[in-house]
Amino acid sequence: MSLRGKMQKQHSFETACKHLTETILIFKDEIASTCKELQDTDWIFDKGATKVCKADENGKKKRCKVGIKCQSKAALSNDTAIEIWCMFMARFNDSYLPNIERLTENEEMGRYVFSAKNSVGDELECIIYTPGEWNIPLISITGYVGSRYRNSDID
């Protein structure tokens, strides 16, 4: 295999899915070990769903993955949500998901949304609903893998 082929395989669909899943689990473990409200909570993991794109001019189809998720119905305080935001910024500020955003429009209702993206279409999103009149408390860390070719499609 050529050097070009080796470089492309590092960015294949399978590699990207594995890397994003590991990133989600590492961040989940980091916040669970730091935030006392999360230390003894149960988490649900969902491996997500693969979507297949239309075939290109060579008949090869890119794939993307949606809904890779770790979720817990933990009741977090607003202060803990801000603490998680700080950990989110520290973890992803200098990573392969460098475009970080915090959506603040709904924070007064106890809904926090943080996202980290890259130019390829990969995204990791952390959503926190604190207990309130309209919220069922939870934290969800969800990942999306942008469209890529599989290892078998890379020459």
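Here, residue 1 is the first one in the sequence, and each next residue gets the next number. Computed from a predicted structure; not experimentally measured.
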List for me each residue that meets ring-ring contact (aromatic ring centres under 6.0 Å, His included) alongside Tyr144, sequence neighbours excluded, and say none if there are none. none
Can you find a pair of side-chain heavy atoms, one from Ile84 and one from Leu38, that are under 4.5 Å apart? yes
With no hydrogens and no angle check, is any side-chain donor or acceptor of Ser33 less than 3.5 Å from a backbone partner on Glu30? yes
Under 3.5 Å, is there a donor-acceptor pair linking the side chains of Asn106 and Tyr112? no
Going by heavy atoms in the side chains, are Trp134 and Arg111 under 4.5 Å from each other? yes
Flag side-chain contact, heavy atom, 4.5 Å: Thr80 against Ile128: no
How close do Gln39 and Ala32 get, counting heavy atoms only, and between which atoms? CG-O, 3.0 Å
Search all heavy atoms of Glu37 against all heavy atoms of Ser77 and return the closest pair with its distance. OE2-OG, 3.6 Å
Report the distance from atom OG of Ser152 to atom CZ of Phe13, rounding to the nearest 0.5 Å. 11.0 Å
Side-chain (Asn118) to main-chain (Gly121) donor-acceptor, under 3.5 angstrom: yes
Determine, using ring centers only, whether Phe114 and Phe92 are less than 6.0 Å apart. no
Would a distance-only check, ignoring hydrogens and angles, find a side-chain to backbone donor-acceptor pair under 3.5 Å from Asn135 to Met109? yes
Spacing of Ile100 atom CD1 and Met89 atom CE [to the nearest 0.5 Å]: 7.5 Å
What do you reckon, is CG of Asn58 surrounded by more than 12 foreign heavy atoms closer than 6.0 Å? yes
Please answer whether the main-chain N or O of Trp43 pairs with a side-chain N or O of Ser72 as donor and acceptor at a distance below 3.5 Å. no
Contact between Ile26 and Arg91 at the side-chain level, heavy atoms closer than 4.5 Å - yes or no? yes
Can you measure from NZ (Lys73) to CG (Asp42) and round to the nearest 0.5 angstrom? 11.5 Å
Nearest atoms (heavy-atom pairs only) where Asn151 meets Ser12: OD1-OG, 2.7 Å
Closest contact, heavy atoms only, Val145 versus Cys64: O-CB, 3.1 Å
Strictly below 4.0 Å, N to O, side chains only: are Arg148 and Asp122 in salt-bridge contact? yes
I need the Cys126 SG to Met87 CE distance, nearest 0.5 Å. 9.0 Å
Under the criterion side-chain contact (heavy atoms from CB on, under 4.5 Å), I'd like the reasoning laid out for Asp46 against Thr142: C-alpha separation, chi angles, the key distance, then a yes or no. CA-CA 9 Å; Asp46 186 341; Thr142 307; over 6 Å; no
Determine whether Ile127 and Ile24 fall in the same hydrophobic cluster, where Ile, Leu, Val, Met, Phe, Trp and Tyr are linked whenever their side-chain heavy atoms lie under 4.5 Å apart. no
Restricting to non-hydrogen atoms, name the atom on Lys62 and the atom on Tyr149 that form the minimum distance, rounded to 0.1 Å. CE-CE1, 3.4 Å
Would you say Ile82 ends up clustered with Phe88 if hydrophobic residues are merged whenever their side chains have heavy atoms under 4.5 Å apart, either directly or through other cluster members? yes
Is there side-chain contact between Tyr129 and Ile136, with at least one heavy-atom pair below 4.5 Å? no
Using a 4.5 Å cut-off on heavy atoms from C-beta on, say whether the side chain of Glu101 contacts that of Lys117. yes
Hphob cluster co-occupancy, Leu103 + Leu97, side-chain heavy atoms under 4.5 angstrom: no
Lys/Arg N to Asp/Glu carboxylate O, Arg150 vs Glu14, below 4.0 Å: no
Can you confirm whether Glu22 is buried at CD, in the sense that more than 12 heavy atoms of other residues, nucleotides or ligands lie under 6.0 Å from that atom? yes
Between Trp85 and Val113, is there shared hydrophobic-cluster membership here, with clusters defined by ILVMFWY side-chain heavy atoms closer than 4.5 Å? no
Minimum side-chain heavy-atom gap Arg63-Ser147 below 4.5 Å: no
Going by heavy atoms in the side chains, are Cys53 and Lys61 under 4.5 Å from each other? no
Could you grab the distance from atom CG of Leu76 to atom SG of Cys35, nearest 0.5 Å is fine? 7.0 Å
Applying side-chain contact (heavy atoms from CB on, under 4.5 Å), run through Lys47 and Ile68 and close with a yes or a no. CA-CA 5 Å; Lys47 65 180 182 171; Ile68 306 168; over 6 Å; no
Begin with the C-alpha distance, continue with both residues' side-chain angles, and end with the deciding distance and a verdict on side-chain contact (heavy atoms from CB on, under 4.5 Å) for Lys51 and Val66. CA-CA 8 Å; Lys51 307 293 183 182; Val66 298; 3.9 Å; yes
Where Phe45 and Cys70 come nearest, the two heavy atoms and their spacing: CD1-SG, 3.6 Å
ring-ring contact (aromatic ring centres under 6.0 Å, His included) partners of Tyr96, counting only residues at least two apart: His19
Distance in Å, Lys69 NZ paired with Leu124 CG, rounded so as to fall on 0.5 Å steps: 12.5 Å
Between Glu107 and Arg102 (salt bridge meaning N to carboxylate O under 4.0 Å), is one present in this structure? yes
